[in-house]
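Please read the structure below before turning to the comments.
Numbered from 1 within each chain, the chains take letters A, B, ... in sequence-line order.
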Amino acid sequence: MSDKKKRKVAYVIALVCLVVGIVCYAALPDRSQQEPVRVYYESTGENVLFDHQSHSRDFQLGCLDCHHEIAQKENGSHASCVSCHTAESSLVPALGEGGLFDHETHSQYYGLSCTDCHHMYDPESGTSPQNCNACHMETGDDYMPGLADSYHQQCIGCHQDFGVGPTMENCNDCHGPRKRADAFHDQCTGCHEAAKQGPVRDDCMGCHAY
Amino acid sequence: MPDRKKLTVSYAPFWHDGSSISTKQYHIIAATMLAVIAGLLRYGAPALGVLSLSVGSAMVWEYLMNLATRRPVSIADGNAALIGLLFGMLLPAVTPWWVVIVGTLVAVVIGKQIYGGIGGNPFNPVAVAYAILMISWPIYLDFNAALVNYSFDFPAAYPLVLMNAYGAGGIEAFSLTDFLMGRQTGGIGATFGLGLIVGGIYLMARGFIRWEIAVSFLAGIFVSALCFNLYDPEAFASPGVHLLTGFSLIGAFFLATEDSSSPVNFIPMLIYGALGGVLTVLIRNQGAHVDGVIYAILIINLINPIIDKIRPKATGRVMYHA
Amino acid sequence: MAKTIGQEFVKGLWEEIPPFRLVLGLCPTLAVTKSVENGIGMGLATTFVLVCANILVSLLSGVIPSKIRIACFIIIIATFVTVVELMMQAYAYQLFQNLGIFIPLIVVNCIVLGRSEAFASKNKVVPSFADGLGIGIGFTISLTVISAVRESLGTGKIMGNQLFGSSFEPFSFMVEAPGAFICLGLLLCVMNMVSSK
Amino acid sequence: MREMVKMVIVLVVLSSLSGGLLAGLKNKYQERIDNQILTFVKGPAIHSILKDASNDPVADRFSLSINDAEKVFFVGIIDGVPRAVAFEAFGGGYGGDLGVMVAVDVQTDEIINISVTTHNETPGIGSAVETDTDFKNQFAGKKAVGDFKVKNDGGEITAMSGATVTSKAVCSAVQRAGDMYQQVKSQIKDQVKNFTG
């Protein structure tokens, strides 16, 4: 290989390295800022490396032992839970590789209901979400109830309180004569079956007598 | 009676065996690959970013310096790439881009080119750059601080910090196999002990690095760490730990053996390496710094010209008072 | 060929500028150039001593016996250095605190003694004055340049003004002692490159 | 022989001229330099313990002779009444004398606060006395004329942890300050009246 050719190869290598380097830096967000697995505290004595995982594993500390004073209801002061725990990612890096935000733990052990975090007044724009279907799709999944479910759980509470619009007592407002049966079949039997009480699907005769 | 065989050479013309500066550099680069790949697998894309930026920017600085000093462009000899690669291997996987670029600037320009380029530098350029950055931005080179976002299946604290703070007890959670297999935090290419050893043995066997330096460096670490350990096993970790943590291996095989800053004669090489190892352990066990390898290498670079005066006696010498 | 007064003055600004060309007076150069303020203060103090010592030495050169000339020079220089020290204490106490021991050490600054010995004792008053002023101003300029480089890179500030954005992380190596050597060396290198063209 | 005589004469003349000049300058500027030292060295300590003073305590001062030594007292005007005096006393610390500025309320004879001016204590251990306000606040509100001892010696001052010697030095300095105050109390009261807000 002649010197010239060698030099050309070197230029190419340098260029490739630079491009790969820039791409790696540009494509990856700066991970060090948000929700670290460990926290590094600088002090005048010895610097301290705080490890989330060993504290939760070896000392059985929950997140709330250090974070969030739920008892004082952060709602007012704190913008909302979602401002930190973004909707794009339910990953909680502090929990380690693949650690997910766990709804069940939060509802069961910390006594939070969904609305403690969700459906909050947004002080930035001064509004609450206007359209239910901006978030709630036709069918729900593990984390987001479907449109109908969410209405039955969520919206109806306020409607009841203010006595305006569709309420529990008045299924007909929404589910017209024909639709009421559909509604019942789709919706109500689910709970009835789970509770093993009242009319269930397997027992058509319980309602639809000859 | 002098050994006459030593003086026997064949008749001219002599043959060139084809080996050159660039061959040597590329072999050394190849020898780092095991450790580099292990680092990339452990730390993923950010580590790739650091390494490629480091290699690329080192070559760019070399090129710019060639232009500025109006000398032939020398990036094809692979030395700049090797400097960049070794420097990148010492850094934590999450290092800001400008730290990498300033580091290679210091390594290539201040460490090497202002002394006239390859072969002229009195200090190892990589060690110079790392030391200067350590003075300027210690927080970015602190492995504990830099790697907070990584989740590992082993304790994530830098072993040398634990040793420094808690003595030998601090690293009870690790075994020597952990260190050997790279199950410890540290520089991108400095943690996988086995890979570094394999690469080092390859280089020594092929004669690309002088085994005397590498072996005596490691022996220096081993013996001095053993002394400390025997004196107080509670406070000072065992020699094996010292050999496999921090920059010990990468320092012994790749930094201390750098050509122009290390001696060429047999006994000086042994002294040079052994002194480096002893200083490393002294700085680690008695000094305020966490790792001593970089400073130890700079110090032995400094004494290199003096100890290299110890050389074989010439067989025929001029008699002044005959 | 005798130089004119103007040439005697100008030579100190480039041709023989300390510490770059006459590599003298390195101790204050390396030690006090952490900030521009200190650099200028040190430079001006040295200039004052240089000028006064040069004038007095050239005036007294006929009187001083050559065997004890160094002792006499030192007495003259030390006197002016003490004057500077007193003045600084009286009028610029904080600068005095910053420069500390380096003010008294102007006495042993090779530049001052060197100019007395090499120039003033062999020349008349006016050229000696021009020489002292030129070299002194040259020294001040050098210290200012070195300290400007070191302070701006090492702290991100010059005379307390933030130079770069707040995201600039100071390259604190430059304000450490080894940074002074490297800075001096690089500036010397740049100067040689410029003048070799 | 003539040369010898000349050498001696030249050196003697030069030295005496130099000495004379410097002595003159020193005399002329002594007061200014003292002022500067007051402003930059003792000033911050005085200001820190006489925070509530409406005047500049460094400017309003008088001196008294105690045991043949001049002692400077700084007067602080609080609530329009010149009622505070600050003065310095020394105690033997770990690394030589340790200076403590003590402010006393002349109406109640109580210590207002203390502050450390000069010390050579071990950095990081004894030197914490500069910043340890909890330690220094123990003296505030106590009668100036009293016993100041650390708890180990049967007193009621809690020593700074790891710095017993330094703590004792502060106590003995305050003790001496109290003794001095006792000695010249009436003179102080007379002098203080001359200062008005």
TODO: Identify which part of B/Pro96 has an atom lying under 4.5 Å from any heavy atom of chain A, answering side chain, backbone, both or neither.
DONE: backbone

Task: ring-ring contact (aromatic ring centres under 6.0 Å, His included) contacts in which one or both residues fall within residues 40-59 of chain B, not counting sequence neighbours - done: B/Tyr43-B/Tyr150

Open item on the list: Could you report the tightest heavy-atom contact between B/Ser52 and A/Gly21, atom names first, then the distance?
Closed with: OG-N, 3.7 Å

Open item on the list: Can you tell me which residue among B/Leu162, B/Val148, B/Val161, B/Leu147 is in a side-chain contact (heavy atoms from CB on, under 4.5 Å) with A/Leu49?
Closed with: B/Val148

Task: Side chains of A/Tyr25 and B/Val50 in contact at under 4.5 Å (non-hydrogen atoms) - done: yes

Task: Part of B/Asp142 lying under 4.5 Å from any heavy atom of chain A - done: side chain

- [ ] Answer with side chain, backbone, both or neither: which region of B/Tyr63 has an atom nearer than 4.5 Å to a non-hydrogen atom of chain A?
- [x] side chain

- [ ] Of all the heavy-atom pairs spanning A/Ala10 and B/Met59, show the shortest one and how long it is.
- [x] O-CE, 3.4 Å

Task: Among B/Asp77, B/Val55, B/Val73, B/Leu48, residue most engaged with chain A (heavy-atom pairs, under 4.5 Å) - done: B/Val73

Open item on the list: Can you tell me which portion of A/Tyr11 sits under 4.5 Å from chain B's heavy atoms? Options are side chain, backbone, both or neither.
Closed with: both

- [ ] Go through the atoms of B/Ser74 and report whether side chain, backbone, both or neither lie under 4.5 Å from a heavy atom of chain A.
- [x] neither

Task: Engaged part of B/Val100 at the chain A interface, taking heavy atoms whose separation is under 4.5 Å - done: side chain

Task: Pick from B/Ala45, B/Gly49, B/Ser22 with the largest number of heavy-atom pairs that fall under 4.5 Å of chain A - done: B/Gly49

- [ ] Assess whether atom OH of B/Tyr166 is packed by more than 12 heavy atoms of other residues, nucleotides or ligands within 6.0 Å.
- [x] no

TODO: Please report the shortest heavy-atom distance between A/Tyr40 and B/Ala145, naming the atom on each side.
DONE: CD2-CB, 3.2 Å

TODO: Sort B/Val60 into side chain, backbone, both or neither according to what part of it lies under 4.5 angstrom from a heavy atom of chain A.
DONE: side chain

